[in-house]
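Here the structure is laid out as structure tokens; the discussion comes afterwards.
Each chain gets a letter, A, B and so on, in the order its sequence line appears, and its residues count up from 1.
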2 protein chains.
Amino acid sequence: MSKHRSVTIVDIAEAAGVSIATVSNVLNRRKVPMAEETIRKVEKAAEELGYRRNVMAASLSRKKSYELGLIVPGFIGYYGLFAEVMERTAHRFGYHMSVFSAGGYDPDMEKRHLDVLLQRRVDGLFCHGLAMSTDTTRHIVSDGTPLVLFNGWNWPQDIAAGAVNLDFAGGCLEAVRHLVRQGCRSLFYLGRSRAHETNKQRLKGFRQGAAEAGDGIRSYVLEADPQPMAELVRMTREMSGDGPVGILAFDDLVALRFMSAAIEQGLRVPEEYKIFGINNDVVSHSCYPQITTLDIPYSQQARLAVDLMLRQLGEDEKAGEEHERQALREGHEIRIPLTLIPRLSTAAT
Amino acid sequence: MSKHRSVTIVDIAEAAGVSIATVSNVLNRRKVPMAEETIRKVEKAAEELGYRRNVMAASLSRKKSYELGLIVPGFIGYYGLFAEVMERTAHRFGYHMSVFSAGGYDPDMEKRHLDVLLQRRVDGLFCHGLAMSTDTTRHIVSDGTPLVLFNGWNWPQDIAAGAVNLDFAGGCLEAVRHLVRQGCRSLFYLGRSRAHETNKQRLKGFRQGAAEAGDGIRSYVLEADPQPMAELVRMTREMSGDGPVGILAFDDLVALRFMSAAIEQGLRVPEEYKIFGINNDVVSHSCYPQITTLDIPYSQQARLAVDLMLRQLGEDEKAGEEHERQALREGHEIRIPLTLIPRLSTAAT
DNA sequence: CTGAAAGCGCTTACAG
DNA sequence: CTGAAAGCGCTTACAG
């Protein structure tokens, strides 16, 4: 094959002895009437010449890129998996997905990535609840590119077409109830405030659960990140009263780190400490004791987000109906429940 | 801002009262002489109109997309992080990175993704050692798009411009020496044959280390994936003789799973079992005991891969020299050493 | 059923 | 220092 000029429809037109318009029609299987013979000739020529459509040219003339943009906080853990599922889902519907990591929750990087994506003329944008201000966001996407949020709360309707959110609040409420049921007498939430709203939602559920539990059960909120885990474990030992201690961690990794530090200090899990994570990460069942956690339905979330986008793009026929069954719709927010996976780390004693 | 037609250089040209050629020159900061006043006018107009360059149009006329393609086996663990670093690195040099997950090692998906990427006219391609045949690969990339491999061994020179490989063989050799030094009398490698060549390279190092250790030390190779870990632990107990057992796992996650199953069976780590992982994954130091592992220099590997690509693209001035210091060059392969991180899981007893 | 032509939004010699 | 013009590789009415 030619080393430096790729095959174009002009080459095919010549080889097949037809016009480029016809080549385009055949190759795109358009619904205009065409002679069998013509179709055959064009397809043969395309095949033989090793033709590969130039996406840029097609997008430019069609005025639609069939490219979607996705910004996630990072590729590690939950968001990496989510990005992978989103890419695959978009692909299934004929869209390319350009994924960017915003390096945690860095507003500048968010802005740069959004800008790059818009320069690429993506047809739509998926973002987590951004760290940058809503005003900045509004200004940036004011050209009309549809924006769908995932795990973004309290965003004005005029910015985003909708939000597909994991119900961390509801999940954490269930988590606390579970811990109380298993006999915990003190409760700790190990949060990560730099995760912004996804942390606040967890906190909300935790607080509600603690309130439900009543005065007989103490509850505290700690920040997981700055200090060493060993220190955190010590704090919980001092603060807790008699009876088993319940730990609700920001995610499974925080849970694992806490559990390891606790075991290192000679504490017994689940007898003295009951530990609860979030994400059903592969680590949650790769350790001992295995960690009780909330399962996140990635594929469902991705499917719902993409459906929402397809509707914005006027491709309603591609968007499914049935996917919303499990989810709660509330205004322009779709809320996805998490499933409690009980494991040894919170067994009753 | 207009809801449905984005602003183009034609709009700017009108607003500034100059030609579109001039607008293009100013906005691209080309080295042609231009009047101060013109530059000011154009930049002002662009700013005010909220101009955003259309990347597709620019790429099409420039005949260069400034887009690179990356295919990884998946986003989980090592390759997810690698993808993130690659994206960032490419970005730093003015390239966009389109990342695809090949869903493990699925040759069909590899083919489809390669095709999509070439339709997008990416300037270059990064792939892991592909599962598809080299002939298929050769045919697909025969149009001259440069291909750089990472963790791909034994690929013919005519296909790939080069390969940037982690030295799993050397690392595993060191791992075995370490285990022997710490007193292990039996050695097991827990492999993952579906990881293809990255598994074989590890195996090679393990075998070499075992051979070095001599007849006094038994060594075995087991497959980590099919059977439950508890079963695997039992097998090692039966097969091993007296003295501490050394386990070299495919990666940190396999190591953690094995360790957890061993502890569950009442075995003591590191007294009876010494466990060695690979990747310096965050889990390796989030568990107890923390796991001895090989650290992978992601950024270095990404930087070297991108440098290689930049050279292929004739952008030698962007490519650095100094990054190869740490790496070994051998033919068209660059080999990157891994660093042993000793932790409690292999402490001498 | 097929093709000539305009147009998508840029870049790049080249002429002035 | 600036602009007219050709061209990148397609798609899309529209005329025939």
| Side-chain N,O (A/Arg53) to OP1/OP2 (D/dT11) below 4.0 Å | yes
| task | Check the side chains of B/Gln301 and B/Asn151 for a donor-acceptor pair under 3.5 angstrom, ignoring hydrogens and angles. | result | yes
| request: Pull out every residue in residues 111-125 of chain B that has a heavy atom closer than 4.0 Å to any atom of DNA chain C, ordered by number, or say none. | output: none
| request: Looking only at side-chain atoms of B/Arg62, point me to the closest of C/dT12, D/dC1, D/dG9. | output: C/dT12
| query | Is the closest basic N to carboxylate O distance between B/Lys44 and B/Glu48 below 4.0 Å? | reply | yes
| Do the charged groups of B/Glu317 and B/Arg311 touch, with an N to O distance under 4.0 Å? | no
| message | Using heavy-atom distances to pick each residue's nearest nucleotide on DNA chain D, tell me which of B/Ile39 and B/Ser61 is more 5'. | response | B/Ile39
| query | Taking C-beta and beyond as the side chain, do B/Phe75 and B/Val99 meet within less than 4.5 Å on heavy atoms? | reply | yes
| For residues B/Ser59 and B/Glu67, is any side-chain donor paired with an opposing acceptor at under 3.5 Å? | no
| request: Could you tell me the separation between the CG atom of A/Asp11 and the P atom of D/dC8, rounded to a whole number of Å? | output: 11 Å
| Side-chain heavy atoms of A/Tyr95 within contact of A/Leu310, under 4.5 Å | yes
| message | Side-chain N or O of A/Ser24 versus OP1/OP2 of D/dC10: is the shortest distance under 4.0 Å? | response | no
| said: Nearest whole Å is fine: how far is C/dC10 C1' from B/Leu27 CG? | reply: 11 Å
| request: Measure the distance from CG on B/Asn28 to P on C/dC10 and round it to the nearest whole Å. | output: 10 Å
| Plane angle bin for B/His96 and A/Phe100 - parallel if under 30°, tilted between 30 and 60°, otherwise perpendicular | perpendicular
| query | Would you call the rings of B/Phe82 and B/Tyr78 parallel, tilted or perpendicular, where under 30° means parallel and over 60° means perpendicular? | reply | parallel
| Range-with-range stems for DNA chain C, at least three Watson-Crick or G-U pairs under 3.5 Å | C:1-3 with D:14-16, C:5-12 with D:5-12, C:14-16 with D:1-3
| request: Round to the nearest Å and state the distance from B/Lys64 atom NZ to D/dG9 atom P. | output: 16 Å
| message | Distance check needed: D/dG9 C1' versus A/Met56 CE, whole Å only. | response | 9 Å
| message | Can you see whether A/Ser19 engages A/Thr22 through a side-chain donor-acceptor pair at a distance of less than 3.5 angstrom? | response | yes
| Rounded to whole angstrom units, what separation is found between the OH atom of B/Tyr51 and the C1' atom of C/dC10? | 7 Å
| request: Tell me what A/Thr38 touches on the nucleic acid: a base, only sugar-phosphate, or nothing, going by heavy atoms under 4.0 Å. | output: sugar-phosphate
Under 3.5 Å, which N/O atoms of the protein pair with N/O atoms of nucleotides 3-6 of chain D?
| residue | atom | partner | partner atom | Å |
| --- | --- | --- | --- | --- |
| D/dG3 | OP2 | B/Ser19 | N | 3.0 |
| D/dG3 | OP2 | B/Ser19 | OG | 3.4 |
| D/dG3 | OP2 | B/Thr22 | OG1 | 3.0 |

| field | Presence of salt bridge, A/Lys111 and A/Asp108, under 4.0 angstrom | value | no
| task | From the options D/dC1, C/dT11, D/dC8, select the nucleotide whose nearest atom is closest to the side chain of B/Lys63. | result | D/dC8
| task | Give the rounded distance in Å between these two atoms: CG of A/Leu60 and P of C/dT11. | result | 12 Å
| query | Does A/Tyr66 put a side-chain nitrogen or oxygen below 4.0 Å from OP1 or OP2 of D/dC10? | reply | no
| said: Starting the side chain at C-beta, find the nucleotide from D/dT11, D/dG9, C/dC10 nearest to B/Asn54. | reply: C/dC10
| message | Side chains of A/Ser133 and A/Thr136 only: does a donor on one sit below 3.5 Å from an acceptor on the other? | response | yes
| field | Pair A/Arg92 + A/Glu87, salt bridge at N-O below 4.0 Å | value | no
| Atom CZ of A/Arg29 to atom P of D/dT11: distance rounded to whole Å? | 13 Å
